[in-house]
**Q** 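This is the structure I want to talk about, given as structure tokens.
Counting from 1, the numbers follow the sequence of the chain as shown. Remember, predicted model here, so these are calculated numbers, not experimental data.
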Amino acid sequence: MKNLTLVPILVILLVGCQSINHSPEEKGGAIESSIENREYIRPIVHIAPAYPIKEANEKVEGACKVLFDLADGEYGSHPTNIRAVSCENRNFFKQCENALQKWLFRHVSKLDSRESPEGLITTCEFRL
């Protein structure tokens, strides 16, 4: 009986695994629409959020729109000051925040100067 319970959990974990995409110029993919209010600022590394297990088991879908800034780190800039603009579920926000913390952008000084590295918006979609 325990094996029957583990199978759906393993499937959810495998389907919700994080992915890395190193091509910021990819069209039609997650990177293309990842920063909704910027045309020239795109992540170099984009990590998709994992689906929260509780919500997956209950077949709950939703979205979480977040606002963040960029701050320089050792290898590039990373999202900081991540805050929810509108989020349908607290667990969705946690997973979105966890994924965003792993995103990587060019150093702030190397970003397109036409756009600010502050107040960036993205939406994490959670659909089954």
Side-chain angles (χ1 to χ4, degrees):
M1 192 60 147
K2 287 184 180 182
N3 289 339
L4 292 176
T5 307
L6 290 176
V7 171
I9 292 172
L10 289 174
V11 169
I12 291 168
L13 290 175
L14 290 175
V15 170
C17 281
Q18 300 171 347
S19 62
I20 297 176
N21 188 335
H22 294 281
S23 173
E25 278 69 46
E26 179 182 307
K27 301 293 182 201
I31 299 235
E32 175 64 22
S33 63
S34 62
I35 307 301
E36 297 168 13
N37 62 337
R38 299 292 191 272
E39 186 175 341
Y40 302 104
I41 298 177
R42 295 282 178 250
I44 297 168
V45 176
H46 177 269
I47 305 295
Y51 213 108
I53 292 174
K54 178 182 178 228
E55 283 69 15
N57 287 337
E58 295 174 3
K59 299 185 183 345
V60 174
E61 295 184 334
C64 189
K65 183 176 276 198
V66 296
L67 183 70
F68 64 95
D69 303 324
L70 294 178
D72 277 340
E74 186 175 353
Y75 299 107
S77 58
H78 295 275
T80 61
N81 303 322
I82 301 168
R83 51 225 180 260
V85 173
S86 63
C87 199
E88 299 171 17
N89 182 297
R90 179 184 158 137
N91 289 332
F92 288 157
F93 175 70
K94 283 188 202 174
Q95 292 301 326
C96 189
E97 181 180 37
N98 288 342
L100 257 68
Q101 289 173 345
K102 297 171 187 162
W103 286 19
L104 180 67
F105 294 79
R106 292 184 183 147
H107 283 283
V108 170
S109 62
K110 294 182 181 179
L111 292 173
D112 193 302
S113 61
R114 292 175 280 187
E115 296 181 333
S116 171
E118 296 177 355
L120 286 83
I121 296 174
T122 191
T123 301
C124 298
E125 296 281 334
F126 295 89
R127 305 281 177 235
L128 294 172

**Q** Out of L100, L67, N37, which residue meets the side-chain contact (heavy atoms from CB on, under 4.5 Å) rule with T122?
**A** L100
**Q** With rounding to the nearest 0.5 Å, note down the distance linking CZ in F92 to SG in C64.
**A** 9.0 Å
**Q** Check whether any side-chain heavy atom of K59 sits under 4.5 Å from a side-chain heavy atom of L128, and report yes or no.
**A**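 The answer is yes, as the side chains (C-beta and beyond) meet within the 4.5 Å cut-off.
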**Q** Quick check: do F126 and Q95 have side-chain heavy atoms less than 4.5 Å from each other?
**A**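 Result yes, sub-4.5 Å side-chain heavy-atom pair found.
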**Q** Please tabulate, one pair per line, all N/O donor-acceptor pairs under 3.5 Å involving side-chain atoms of residues 68-77, not counting sequence neighbours.
**A**
from, atom 1, to, atom 2, distance (Å)
D69, OD1, G119, N, 2.8
D69, OD2, N81, ND2, 3.0
D72, OD1, H107, ND1, 3.4
D72, OD1, V108, N, 2.7
S77, OG, R106, O, 2.6

**Q** May I ask you to check whether over 12 heavy atoms, not counting those of R90, lie within 6.0 Å of atom CZ?
**A**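 Incorrect, the count does not exceed 12.
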**Q** Which heavy atom of F93 sits nearest a heavy atom of I82, and at what distance?
**A** CZ-O, 4.0 Å
**Q** Quick one: CG on L120 to CD on E115, what's the gap to the nearest 0.5 Å?
**A** 8.0 Å
**Q** For H78 together with W103, are the ring centres under 6.0 Å from each other?
**A** no
**Q** To the closest 0.5 Å, what do you measure between CD1 (I47) and CG (L104)?
**A** 9.5 Å
**Q** Mind listing the closest non-hydrogen atom pair of E61 and Y51 along with its distance?
**A**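 The pair with the smallest heavy-atom distance is CA-OH, 3.4 Å.
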**Q** Can you tell me how far apart NZ (K54) and CG (N91) are? Round to the nearest 0.5 Å.
**A** 6.5 Å
**Q** Would you confirm whether R38, through its side chain, and S34, through its main-chain N or O, come within 3.5 Å as a donor-acceptor pair?
**A**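 Looks like no, no N/O pair under 3.5 Å.
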**Q** Any idea which heavy atoms bring K102 and V45 closest together, and the distance?
**A**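 For K102 versus V45, the nearest heavy atoms are O-CG1, 4.2 Å.
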**Q** Hey, what do you get for CD (E125) to NZ (K65), rounding to the nearest 0.5 Å?
**A**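 These two atoms lie 9.5 Å from each other.
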**Q** Hydrophobic clustering (ILVMFWY, side-chain heavy atoms < 4.5 Å, transitive) - are Y40 and L111 grouped together?
**A** no
**Q** Is there a side-chain contact between P43 and I35, using heavy atoms and a 4.5 Å cut-off?
**A**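 Touching, per the 4.5 Å side-chain cut-off.
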**Q** For C96 and C124, what are the C-alpha separation, side-chain angles and deciding distance, and is it a disulfide bond (SG atoms under 2.5 Å apart)?
**A** CA-CA 6 Å; C96 189; C124 298; 2.0 Å; yes
